[in-house]
Amino acid sequence: MSIEMTTLTLEDIERRRAEIEEIISQPDFKERQEEGVLLSREQRLLDELEDLNFLRYGHVETD
């Protein structure tokens, strides 16, 4: 088994967070999220955002 490692700069993290924020701020995304019918790829975006928040801030922001 191999593990892939990636080095991210703070700029990389912020850039990716901004990309994800743009996607999840769309009205159709919010609607599906409220209805609990996100596609698996959309849920992975939320998971990735949580991971990026942890990498950047050392904790996960909760609403």
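Just so you know, these numbers come straight off a predicted model, no measurement behind them. All residue numbers refer to positions in the sequence shown, counting from 1.
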Intermediate values then yes/no, side chain to side chain contact (heavy atoms under 4.5 Å, CB included), Q33 and L46: CA-CA 10 Å; Q33 185 178 22; L46 293 176; 3.6 Å; yes
For the pair D12 (side chain) and T9 (backbone), establish whether a donor and an acceptor sit closer than 3.5 Å, ignoring hydrogens and angles. yes
Atom pair [atom1] ([X]) and [atom2] ([Y]), whose distance is rounded to the nearest 0.5 Å:
X	Y	atom1	atom2	result
E42	D28	CD	CG	7.5 Å
I13	L55	CD1	CG	5.0 Å
I20	L52	CD1	CG	5.0 Å
R17	D51	CZ	CG	12.0 Å

Answer yes or no: does atom CD of Q26 have more than 12 heavy-atom neighbours from other residues, nucleotides or ligands under 6.0 Å?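 It does: Q26 CD has more than 12 such atoms within range.
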